[in-house]
Trainee: 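After the structure tokens below, expect a handful of questions from me.
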Number of protein chains: 2
Amino acid sequence: MDRLRALRYFAKLAQTLSFSETADHFRVPSSSVSRRIKDLEADLGAALFVRTTRSVSLTDLGKLYLGEIAPALQSIEIADEMVQAQSVAPTGTVRITAMPGYAELYVLPAVQKLRSLYPDIEFDLNITDQVLSLSSNEADIAIRAASELPDHVIARRLGDHTFKLVASPDYINRNGAPRTSDDLRDSPVFMYRTPRGVLNWQMKKNGNWETVDLAPKYVSNHGPSILESVVKGQGLALLPSWGIAAEIANGQLEEIDFEDAWLSTSGGVEMGMYLLYHPPKFRLEKVKVSVDSLIADLTRGSCQRNLALSAAM
Amino acid sequence: MDRLRALRYFAKLAQTLSFSETADHFRVPSSSVSRRIKDLEADLGAALFVRTTRSVSLTDLGKLYLGEIAPALQSIEIADEMVQAQSVAPTGTVRITAMPGYAELYVLPAVQKLRSLYPDIEFDLNITDQVLSLSSNEADIAIRAASELPDHVIARRLGDHTFKLVASPDYINRNGAPRTSDDLRDSPVFMYRTPRGVLNWQMKKNGNWETVDLAPKYVSNHGPSILESVVKGQGLALLPSWGIAAEIANGQLEEIDFEDAWLSTSGGVEMGMYLLYHPPKFRLEKVKVSVDSLIADLTRGSCQRNLALSAAM
DNA sequence: AAGACTAATGCTTTTATGACAATAATAGGA
DNA sequence: TCCTATTATTGTCATAAAAGCATTAGTCTT
């Protein structure tokens with residue numbers, strides 16, 4: 001038995017004191033109301049109404065029951081409306097996670113804009129290299145580099161995530177640009193540490209990608225400090241293209257063309273920056289508007305970067 | 001969809017965060033829980049849980065929904081329990097209606113006893129000649145004279161309801177006992193007025209019951225005052241046997257044997273005093289205990305009366 | 001006294017729920 | 001790293017419940 005429906009019938013019937021009117025209200029035949037009420041009474045083991053074929057009235061127990069049930073029904077109605085309103089009105093917390101570096105350069109300003117656009121939404125921005133799971137509800141939106149895309153989330157490509165070997169013009173003038181892996185071994189190199197370990201440099205040799213055995217002068221999980229070290233001419237680093245666009249453009253850094261392509265993560269796989277979010281099984285407006293705004297800002301940002309790069313070349 | 005069941009599943013699942021545990025709790029396969037929750041989510045148009053095959057957690061909306069739903073569910077549980085408790089524990093109001101005269105003689109003391117027996121029950125005793133409808137919920141128990149019994153109520157016979165022509169020994173000494181209807185027309189007679197009119201006297205003539213055309217000296221809806229007038233020797237009256245048992249027994253009144261039987265209401269139909277109450281479709285304990293107690297007292301009273309009558313004869 | 005309105009009931013059709021089995025996905029351990 | 005155990009989901013079927021419709025029975029009104 002659909003108890004909740006029976007209770008709705010009960011409440012309406014208690015109000016109208018008419019089976020037919022109640023039935024009309026719910027667009028069902030009056031026999032349905034009659035049967036549901038009867039079932040309800042049988043379930044409770046008590047008569048709720050006194051019926052004459054012509055009139056209906058509440059019993060003492062009916063009044064008692066109504067007094068308890070009516071507010072509960074109302075609560076349920078309200079709850080439903082709240083949820084449905086929530087899924088339309090953008091309020092609540094949106095949890096965003098993003099990679100350091102990229103976050104500071106691009107996501108932070110985008111989120112600032114988002115905050116001013118939707119002051120009612122609360123944002124929880126978690127900048128970390130940890131890969132927070134969307135599917136286990138640790139975040140609503142994830143912005144990170146990825147090669148192969150998770151299956152159950154929607155991924156919007158924000159731009160490339162390729163690594164460039166860079167040094168300052170000053171450094172190149174003093175030491176020359178490295179050409180071989182042996183050159184590298186003699187050069188001061190800086191590496192990035194992720195929670196899963198140091199991001200090794202890999203090189204293509206005879207069609208295979210191999211890790212280059214290097215002893216880095218400086219390892220950090222703080223990207224900007226590595227960038228700063230390179231800009232200061234202290235050595236070489238493999239840095240993501242989006243992280244050096246500005247420095248390339250204004251001449252602070254130069255890209256070093258190596259004999260082969262270089263990659264930091266597992267060999268040669270094409271990587272990109274992605275914005276990831278739950279498939280919109282159900283329309284969570286707060287997530288939707290955030291995604292839309294972020295995508296707009298971040299892809300625009302990446303276009304600008306690309307333009308800047310082109311200009312530098 | 002049984003929404004209430006879905007909500008119960010939801011509440012339990014939000015608490016346990018385990019489909020299988022929830023399913024065990026309700027003794028249903030976990031697939032049922034899974035489906036009900038999915039249906040609920042589809043109905044609401046919003047995701048309530050984030051599921052991994054290994055773990056379940058509430059979404060923001062889920063928490064919100066739970067906050068509204070949980071108290072409502074509890075209210076419904078409480079309401080159910082209240083009703084079921086009510087139908088077992090004898091509390092609340094019992095409305096009793098009874099005929100004047102009979103009520104004062106027999107019902108009043110019985111109700112007094114009932115009140116002391118069940119101090120938690122409230123009694124509403126309506127002494128009237130009006131025939132209050134049980135079926136339209138105007139009373140829980142009715143005690144009245146009846147010939148043919150209503151169909152949808154339970155009737156317990158309390159005793160006869162036959163009318164006797166009586167006068168005081170003093171009156172008979174002075175005027176002699178009437179023998180014919182003509183005798184009656186010359187005698188001072190007292191009649192009872194019901195809400196439906198004066199209770200006419202009827203007589204069997206050639207097998208047919210006919211109303212005797214009399215000009216009563218005194219008409220009242222107050223039985224005791226008619227009785228008193230008769231006892232004082234002021235005239236004759238047709239009085240119910242249960243109303244004159246004591247006076248017959250102690251010699252204050254004498255029954256007059258007439259040439260035919262006499263009746264007050266529609267001709268010659270056998271009438272009785274009945275206690276009427278709703279068929280116990282559902283066990284309303286307060287009514288049940290009241291009926292039991294009243295029946296016990298009133299039938300015992302009627303036995304005593306009968307004994308008293310026998311003794312007087 | 002008859003008609004109109006209302007609730008209940010009997011029956012059929014449709015719907016949805018539960019049961020069982022199988023699958024997919026993950027966490028933990030050897 | 002592979003294997004196993006646990007957990008949620010999906011597919012299919014049988015069953016139970018609800019709706020729909022027509023009819024009956026009982027009141028109130030004119």
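A note on names: the letters A, B, ... follow the listed sequences, proteins ahead of strands, and every chain is numbered from 1.
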Trainee: With a 3.5 Å cut-off and no angle check, do the side chains of S30(B) and S20(B) form a donor-acceptor pair?
Mentor: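 No, no side-chain donor-acceptor contact under 3.5 Å.
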Trainee: Atom CZ of R3(A) to atom P of dA17(D): distance rounded to whole Å?
Mentor: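 Computing the R3(A):CZ to dA17(D):P distance gives 14 Å.
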Trainee: Below the 4.0 Å mark, does dT9(D) have OP1 or OP2 next to a side-chain nitrogen or oxygen of S34(B)?
Mentor: yes
Trainee: Would you kindly give the NZ-to-P distance between K38(A) and dG10(C), to the nearest whole Å?
Mentor: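 About 8 Å, once rounded to whole Å.
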Trainee: So, is Y9(A) close to the dA18(D) phosphate, meaning a side-chain N or O under 4.0 Å from OP1 or OP2?
Mentor: no
Trainee: Might you point out which heavy atoms bring L61(A) and A47(A) nearest each other, and give the distance in Å?
Mentor: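 Heavy atoms of L61(A) and A47(A) come nearest at CB-O, 4.1 Å.
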Trainee: Taking E41(A) first and then R51(A), would you say they form a salt bridge - that is, a charged N and a carboxylate O separated by under 4.0 Å?
Mentor: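 Yes, this pair counts.
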Trainee: Given the rule in the side chain to side chain contact (heavy atoms under 4.5 Å, CB included) test, do F26(A) and S32(A) qualify, once you have shown the distances and angles that lead to the verdict?
Mentor: CA-CA 10 Å; F26(A) 289 105; S32(A) 296; over 6 Å; no
Trainee: Measure from CD on E41(B) to P on dA8(D) and round the result to the nearest Å.
Mentor: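 Answer to the nearest Å: 14 Å.
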Trainee: Using whole Å, report how far CZ of R36(A) lies from C1' of dT9(C).
Mentor: 13 Å
Trainee: From the list dT17(C), dA8(C), dA7(C), which nucleotide is the closest neighbour of the side chain of D39(B)?
Mentor: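 From the listed options, dT17(C) comes nearest.
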Trainee: For D2(A) and dA17(D), give me the distance from atom CG to atom C1', rounded to whole Å.
Mentor: 10 Å
Trainee: Grab the CZ-P distance between F49(B) and dT9(D) for me, whole Å please.
Mentor: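 Whole-Å distance recorded here is 10 Å.
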Trainee: How long is the line joining CG of L4(A) and P of dA18(D), in whole Å?
Mentor: 13 Å
Trainee: Look at S32(A) and dA19(D) and indicate whether a side-chain polar atom (N or O) is within less than 4.0 Å of OP1 or OP2.
Mentor: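 Checking S32(A) against dA19(D): at least one side-chain N or O falls below 4.0 Å of OP1 or OP2.
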Trainee: Could you identify which residues of residues 13-31 of chain B place a heavy atom less than 4.0 Å from some atom of DNA chain D, listed by residue number, or say none?
Mentor: S18(B), F19(B), S20(B), S30(B), S31(B)
Trainee: Can you find a pair of side-chain heavy atoms, one from R5(A) and one from R3(B), that are under 4.5 Å apart?
Mentor: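 No, side chains not in contact.
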Trainee: Counting the atoms with a prime plus P, OP1 and OP2 as sugar-phosphate, which does V56(B) contact under 4.0 Å by heavy atoms, base, sugar-phosphate, or nothing?
Mentor: sugar-phosphate
Trainee: Got a sec, which residues hit salt bridge (Lys or Arg N to Asp or Glu O under 4.0 Å) with E77(B), two or more places apart in sequence or on another chain?
Mentor: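 Partners of E77(B) by the salt bridge (Lys or Arg N to Asp or Glu O under 4.0 Å) criterion, ordered by chain and then number, come out as R8(B).
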Trainee: Among dA18(D), dT9(C), dG11(D), which nucleotide has an atom closest to any side-chain atom of R35(B)?
Mentor: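 Nucleotide nearest to R35(B)'s side chain: dG11(D).
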Trainee: Salt bridge or not between K286(B) and D60(A)? Use side-chain N to carboxylate O under 4.0 Å.
Mentor: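 Salt bridge between K286(B) and D60(A), a charged N being under 4.0 Å from a carboxylate O: yes.
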Trainee: Does OP1 or OP2 of dT7(D) have a side-chain N or O of R51(B) closer than 4.0 Å?
Mentor: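 No, R51(B) has no side-chain N/O under 4.0 Å of OP1/OP2 on dT7(D).
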